[in-house]
Amino acid sequence: MRRALIIGNWKMHKTVAEAVAFARALSARFPERAERDVAIAPPFTALHPLREVLRGSPIALCAQDVHGEDEGPYTGEVSAPMLADVGCLYGLVGHSERRRLFGESNEEVNRKARALLRAGIRPVVCVGEALEEREADQTFSVIRRQLKEGLNNLSADDIRRTIVAYEPVWAIGTGKTASPAQAQEVHDFIRQFIGHRAGKETAAEVRILYGGSVNPENAASLMAQRDIDGVLAGGASLEVDSFRKLIDH
Ligand code: PGA
């Protein structure tokens, strides 16, 4: 009943020309009505041109980040209404690179998620433990805190529109994927948390994606797990062929 969702996170890669060429090649080989939801998260500069290229295609746009306020004196930032204006359906918040390299806190993640919801965009709230935390048996306490604070003040309806992405930090860009069983264990924990927070029905509807060194070879076994509803892929989304295989696997 939960539709699978595959998001390609390009991070800081691709000029407008490269992004447009990718989107044209991908959409040319895309059925009009796909069985899975698919989105690309390009850098901000490519959002508007991609919107034009993807008009009428089932491939959606996802922002990589957003500011928590709707407008104001925040040089260099992009707001949720601006992202809605260029057609974003989804927006990542709290990616581990934002948390680790730019000091983003759970409170900020929460402000960003609420800003996206106000603008009618579905937040993709990223959570995940670092290697030291996993080794110190802190995985569940870290995830619980990221969810508790990250989803603070969200109504059950807001949570229904939210997507959670579990991305163990040790698996991102390292070639080390969590095993399907390791990932499923955390996804189950996340769904239970949402159940307590927003009710069982909501928990049954929320899509929980896995991310961290996903590739066309390992995607199927991850997505076969009961609580894994899709993937958030970085490296494997940069080439049309591998992204295509990830969608089709
Ligand atoms: P990766 O990145 O697939 O290259 O590990 C995933 C992510 O950071 O979302």
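Atoms within a ligand are numbered from 1 in the order they appear, just like the ligands themselves.
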Discussion item. Applying side-chain contact (heavy atoms from CB on, under 4.5 Å), can you list everything that pairs with Glu205, at least two apart in sequence or on another chain?
Written reply: Arg160
Discussion item. Tell me whether ligand 1 is touched by Ser213 - counting only heavy atoms on the residue side and a distance under 4.0 Å.
Written reply: yes
Worksheet item: Which residue, Val206, Thr162, Leu147, forms the side chain to side chain contact (heavy atoms under 4.5 Å, CB included) with Ile194?
Response: Val206
Response to the item:
When Leu83, Ile40, Leu61, Val124 are each screened for side chain to side chain contact (heavy atoms under 4.5 Å, CB included) with Tyr90, the one that passes is Val124
Worksheet item: For the residue pair Tyr166 and His187, does the interplanar ring angle fall in the parallel (under 30°), tilted (30 to 60°) or perpendicular (over 60°) class?
Response: perpendicular
Fill in: Gly173 N/O under 3.5 Å from ligand 1 N/O
yes
Worksheet item: Considering distance alone, does some N or O of Lys11 sit under 3.5 Å from an N or O of ligand 1?
Response: yes
Per-atom contacts of ligand 1 with [X], taking only distances under 4.0 Å to non-hydrogen atoms:
X      : result
Gly212 : 5 (O)
Ala171 : 5 (O)
Gly235 : 1 (P), 3 (O), 4 (O)
His95  : 7 (C), 8 (O), 9 (O)

Worksheet entry | Closest protein heavy atom (residue, atom, distance) for atom 7 (C) of ligand 1 | Glu167 OE2, 3.1 Å
Practice prompt. Give the residue and atom name of whichever protein heavy atom lies nearest to atom 3 (O) of ligand 1, and the separation in Å to one decimal.
Written response: Gly234 N, 2.8 Å
Item to complete: Of the side chain and backbone of Asn9, name the one, both, or neither that has a heavy atom under 4.0 Å from an atom of ligand 1.
Response: side chain
Discussion item. Tell me the contacting part of Cys126 for ligand 1: side chain, backbone, both, or neither, using a 4.0 Å heavy-atom threshold, strictly below.
Written reply: neither
Discussion item. Restricting to ring-ring contact (aromatic ring centres under 6.0 Å, His included), what partner residues turn up for Trp170, sequence neighbours left out?
Written reply: none
Worksheet item: Of the options Arg207, Arg3, Arg36, Arg191, which is the one that meets Asp229 in a salt bridge (Lys or Arg N to Asp or Glu O under 4.0 Å)?
Response: Arg191
Worksheet, complete the sentence: The reported gap from CG in Leu116 to CG in Leu92 (rounded to nearest 0.5 angstrom) is 9.5 Å
Item to complete: Determine the sole option in Glu108, Arg114, Lys112 for which the side-chain hydrogen bond (donor to acceptor under 3.5 Å, both in side chains) test with Asn110 is passed.
Response: Arg114
